[in-house]
Amino acid sequence: MLFDRAQTLALLQLGDSAYPAGGFAFSWGLEGLMADGLLGGRGELDEVIADQLARRWATMDRILLRRAFTAASCEAIAAVDRIAEAGTAGAEMREGSRRAGRALLGVWGKLDGALSVSYRQVVASDARLGHLPIVQAVVARDAGFSLDAAELMSGWTLITGLVSAAVRLGLIGHIDAQRSQSAARMLLTDLLAETPPADAEPASFTPFIDIAIARGPLRHIRMFTT
């Protein structure tokens, strides 16, 4: 397979944790786990990242992204978006996913991505729409990505977001952050090597993370939305 330089550079741009889509506002449960005394070092962080990748991203977000990537119209994409809404039990997680997705969609709308502009109009009419994996599929299509590249971008931005949040929370330093990213990168590679069945249904099982996020509104001081 030929090395696609343009697509690789676009992946580096979109996969950067500094990309202006509001990703810095989300810890996806790390802040809550630390507050509850369930997260205390790089080893435990790596386990949480592995859980997020294997038990939520690979089995739910990836499935939704694949459906949205191949959807024939904005209406069909919205149908997948509603599955994401119905399949995310926690209100805090639903809100976080929509906020992250809508922020990314807003950036690409301003960059005049044709599908992003059209789907942003659909999202504006329904508060339940705009979940992150669905928007990642929309943006990937505007960027001219292959499905493989879209999945890679989605999984990698989850990893960089989690590791960046861990650094900001003081859980790890910058060197350990690189170690955590390397470990997660290997797991993501393994997950991407297996293609989900065509009839795979989205599902997740990350109870400790979900509970930590759900307890967020009870905390007096919070750095992150999730």
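Since the structure is predicted, the reported quantities are computational estimates derived from the model, not experimental observations.
- Between the Ser125 side chain and the Val122 main chain, a donor and an acceptor come within less than 3.5 Å of each other.
- Taken together through direct or relayed side-chain contacts under 4.5 Å among Ile, Leu, Val, Met, Phe, Trp and Tyr, Ile63 and Leu192 form parts of separate hydrophobic clusters.
- Looking only at side-chain heavy atoms (C-beta outward), Phe208 and Val48 stay at 4.5 Å or farther from each other.
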Apply side-chain contact (heavy atoms from CB on, under 4.5 Å) to the pair Gln7 and Leu152, showing each step before the final yes or no.
CA-CA 12 Å; Gln7 182 164 260; Leu152 181 62; over 6 Å; no
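- The number of heavy-atom neighbours closer than 6.0 Å to CD1 of Ile175, taken from other residues, nucleotides and ligands shown, is 12 or below.
- Leu111 and Val138 fall within the same hydrophobic cluster, where Ile, Leu, Val, Met, Phe, Trp and Tyr residues are linked whenever their side-chain heavy atoms come under 4.5 Å apart, directly or through other members.
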Verify side-chain contact (heavy atoms from CB on, under 4.5 Å) between Gln136 and Phe69, making sure each step is shown before the conclusion.
CA-CA 9 Å; Gln136 286 175 332; Phe69 191 88; over 6 Å; no
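- Here the CG atom belonging to Asp142 is positioned 10.0 Å from the CG atom belonging to Asp112, to the nearest 0.5 angstrom.
- Taking the side chain as every heavy atom from C-beta outward, Leu129 and Arg82 approach each other to under 4.5 Å.
- Closest approach of Ala177 to Val163, counting heavy atoms only: CB-CG1, 3.5 Å.
- With contacts defined as side-chain heavy-atom distances shorter than 4.5 Å, the pair Val135/Arg102 does not qualify.
- Of all non-hydrogen atoms in Pro133 and Leu64, the two that sit nearest each other are CG-CD1, 4.3 Å.
- No single ILVMFWY cluster, assembled from side-chain heavy atoms under 4.5 Å apart, contains both Val117 and Leu115.
- Between atom OG1 of residue Thr88 and atom CD of residue Glu95 there is a gap of 12.5 Å, rounded to the nearest 0.5 Å.
- Contact of the Ile83 side chain with the Pro202 side chain is registered, since non-hydrogen atoms from C-beta on lie closer than 4.5 Å.
- Nearest heavy-atom pair across Ser180 and Asp46 is OG-OD1, 2.7 Å.
- The distance from atom OG1 of Thr189 to atom CE of Met186, rounded to the nearest 0.5 Å, is 5.5 Å.
- Residues Ala84 and Met60 approach most closely at O-CE, 4.1 Å, considering heavy atoms.
- In this structure, the side chain to side chain contact (heavy atoms under 4.5 Å, CB included) partners of Pro207, at least two apart in sequence or on a different chain, are Phe205.
- In this structure, Gln13 CD and Met153 CE are separated by 11.0 Å, a value rounded to the nearest 0.5 Å.
- Of the possible donor and acceptor atoms, none in the side chain of Ser164 sits under 3.5 Å from a partner among the backbone N and O of Gly161.
- Residues Leu132 and Asp61 are not in side-chain contact: their nearest non-hydrogen atoms beyond the backbone lie 4.5 Å or more apart.
- Counting heavy atoms from C-beta outward, Leu30 and Leu171 have side chains that stay 4.5 Å or more apart.
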Take Ile134 and Leu65, measure what side-chain contact (heavy atoms from CB on, under 4.5 Å) needs, and give me the verdict at the end.
CA-CA 5 Å; Ile134 282 74; Leu65 181 147; over 6 Å; no
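- A side-chain donor-acceptor contact under 3.5 Å links Asp126 to the backbone of Arg128.
- Of the possible donor and acceptor atoms, one in the side chain of Gln52 sits under 3.5 Å from a partner among the backbone N and O of Trp28.
- Crowding of Arg55 atom CZ: a count of heavy atoms from other residues, nucleotides or ligands under 6.0 Å not exceeding 12.
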List the steps and the verdict of side-chain contact (heavy atoms from CB on, under 4.5 Å) for Ile172 and Arg179.
CA-CA 10 Å; Ile172 57 172; Arg179 294 190 176 106; over 6 Å; no
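- Between Arg98 and Val123 there is no side-chain heavy-atom pair separated by less than 4.5 Å.
- In plain terms, the two heavy atoms of Arg141 and Ala68 that are nearest each other are NH1-O, 2.9 Å.
- Taking OG of Ser97 as the start and CD of Glu85 as the end, the distance is 8.5 Å to the nearest 0.5 Å.
- A distance of 10.5 Å separates CD in Glu31 from CD1 in Ile213, rounded to the nearest 0.5 Å.
- Scanning all heavy atoms of the two residues, the minimum distance from Gly173 to Val167 falls at O-CG2, 4.2 Å.
- Taking 4.5 Å as the limit, every side-chain heavy atom of Met93 sits out of range of all side-chain heavy atoms of Thr206.
- Between Arg67 and Glu201 there is a salt bridge, since a side-chain N of the basic residue sits under 4.0 Å from a carboxylate O of the acidic one.
- Judged purely by atom type and a 3.5 angstrom limit, Asp81 uses its side chain to pair as donor or acceptor with the backbone of His131.
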Contacts table for residues 144-151: side-chain donor-acceptor under 3.5 angstrom, sequence neighbours left out:
unit_1 : atom_1 : unit_2 : atom_2 : d
Ser146 : OG     : Ala149 : N      : 3.1
Glu151 : OE2    : Arg62  : NE     : 2.7
Glu151 : OE2    : Arg66  : NH1    : 2.8

